[in-house]
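Computation of the quantities below employed the complete heavy-atom set of this structure, encompassing side-chain atoms and omitting hydrogens, waters and symmetry-equivalent molecules. For ligands, and for the atoms within them, numbers begin at 1 and follow the listed sequence.
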Amino acid sequence: MSGVNLSGIVKSYGAVQVVHGIDLDVAEKEFVVLVGPSGCGKSTTLRMIAGLEEITAGDLTIDDKRMNRIAPKDRDVAMVFQNYALYPHLNVADNMAFGLRIRKMPKAEIQTTIADVAEILGLTDYLERRPADLSGGQRQRVAMGRAIVRHPKVFLFDEPLSNLDAKLRTQMRAEIKRLHNRLGVTSVYVTHDQVEAMTLADRIVVMNDGRIEQIGTPMELFNDPANIFVAGFLGSPPMNMVNGVLTKNSAKIGATEVKLNGALANHVGREVVVGIRPEHVTLKASAKTSPLPITMDLVEPLGSEALLHARFGKQEMVFKAETKGDIAPLWNVDKVHVTTDLVKLFDAQTGQALNLRG
Ligand SMILES: Nc1ncnc2c1ncn2[C@@H]1O[C@H](COP(=O)(O)OP(=O)(O)OP(=O)(O)O)[C@@H](O)[C@H]1O
Ligand SMILES: [Mg+2]
């Protein structure tokens, strides 16, 4: 298949294996985000695709061509780094033109390409400036421009936004998404920021300790995490997790029973971890909810909603509640109502998701 294909990709540094055999198909034009905690092997995997790290074992193909032994410059990929890596002594136009000159593109063609890409990125007025005279966001745009002018088959991004402040990061995130919608270039994007992953990705790859935990669309991963790691990693604030035991029709958490519909009868006594997303509670009871008694610790207003920090027994939990003006009454909340069909169950030993309610 075309696109980027990783099959059994392994990376070792000396005797230490850090990527343990990764299988991943990135379809043509797809935007795939690798996300995971620091040190899980995201950059290493990306750099193996770029050709900046040797592949210890496994196969890498781009558009069906095996790339393991192909030099970086011949892979037709362009990489955008966190630290921009611009030439400080060259102006914006020359920074973007640099790779094209090396490839001996005719001068006139370089000029029109630079003009086009500068227009797309809103850099037209800055072409004569040096990087030192640009803002962080503008520098990041130049770095992207340098990648775009080459019309590569694949864009590789390694945390391109992490040097920017929060506001600019949100803005540039939207720009990258628009750019991808417009150019449709196959992209692999590395971040440890789960919001960036959720908002940008066609599909997210959650990595942990040199392995893939789960691959899926943002909503697949959010709604149906394969295990506790993925459940805890995606979503902000993270999913509340609490130990429980299954009864015939509920998950018993201490003295509290969260009613669950479904085929639980064969699993009575099974130890589970019960996962409740902060969003999946209401303040009013209904036929589809089950009450959870809490002691309020802190109410944090966010505007249209508030974060309720509460204790359930000894467990700290966080819930989200809508607010319409006054937050004072939220301090008096002494139970939340859990939307029962959105509760997640995980095996307490393996951490794998359980679907007992099919
Ligand atoms: N040159 C090297 N020699 C030995 N070990 C290395 C080398 N480069 C990376 N590693 C190790 O490989 C593992 C994966 O590193 P990698 O840079 O891919 O992580 P990452 O997921 O990108 O993390 P971060 O979010 O912090 O950038 C880490 O444990 C790291 O210490
Ligand atoms: Mg990294």
Check this for me - ligand 1, [X], N or O atoms closer than 3.5 angstrom, yes or no?
X: V18; value: no
X: G41; value: yes
X: H192; value: no
X: T45; value: no

Subset of ligand 1 atoms that lie under 4.0 Å from at least one heavy atom of [X]:
X: E159; result: 25 (O)
X: S43; result: 17 (O), 18 (O), 20 (P), 22 (O), 27 (O)
X: C40; result: 19 (O), 21 (O)
X: T44; result: 14 (C), 15 (O), 16 (P), 17 (O), 18 (O)

Answer yes or no: are there more than 12 heavy-atom neighbours, outside K177 itself, under 6.0 Å from its atom NZ?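 Above 12, so yes.
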Using a cut-off of 6.0 Å, state whether more than 12 heavy atoms not belonging to R101 lie near its atom CZ.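 Yes, CZ of R101 has more than 12 neighbouring heavy atoms, counting only those of other groups under 6.0 Å.
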For atom 25 (O) of ligand 1, closest protein heavy-atom neighbour: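 Among all protein heavy atoms, the one nearest atom 25 (O) of ligand 1 is K42 NZ, 2.8 Å.
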Side chain to side chain contact (heavy atoms under 4.5 Å, CB included) for Q140 and L168? Distances and angles first, verdict last. CA-CA 10 Å; Q140 187 55 63; L168 200 52; over 6 Å; no
Please state which part of K11 comes within less than 4.0 Å of ligand 1, counting heavy atoms only: side chain, backbone, both or neither.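 Neither part.
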Heavy-atom pair with the smallest gap, counting every atom of V33 and A201: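 The pair with the smallest heavy-atom distance is CG2-CB, 3.5 Å.
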From S43, does some N, O or S atom reach closer than 2.8 Å to the Mg ion (ligand 2)?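 Short answer: yes, at least one N, O or S atom is under the cut-off.
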Are any of the side-chain nitrogens in D347 or R270 under 4.0 Å away from the carboxylate oxygens of its partner?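 Looking at D347 and R270, the cut-off is met.
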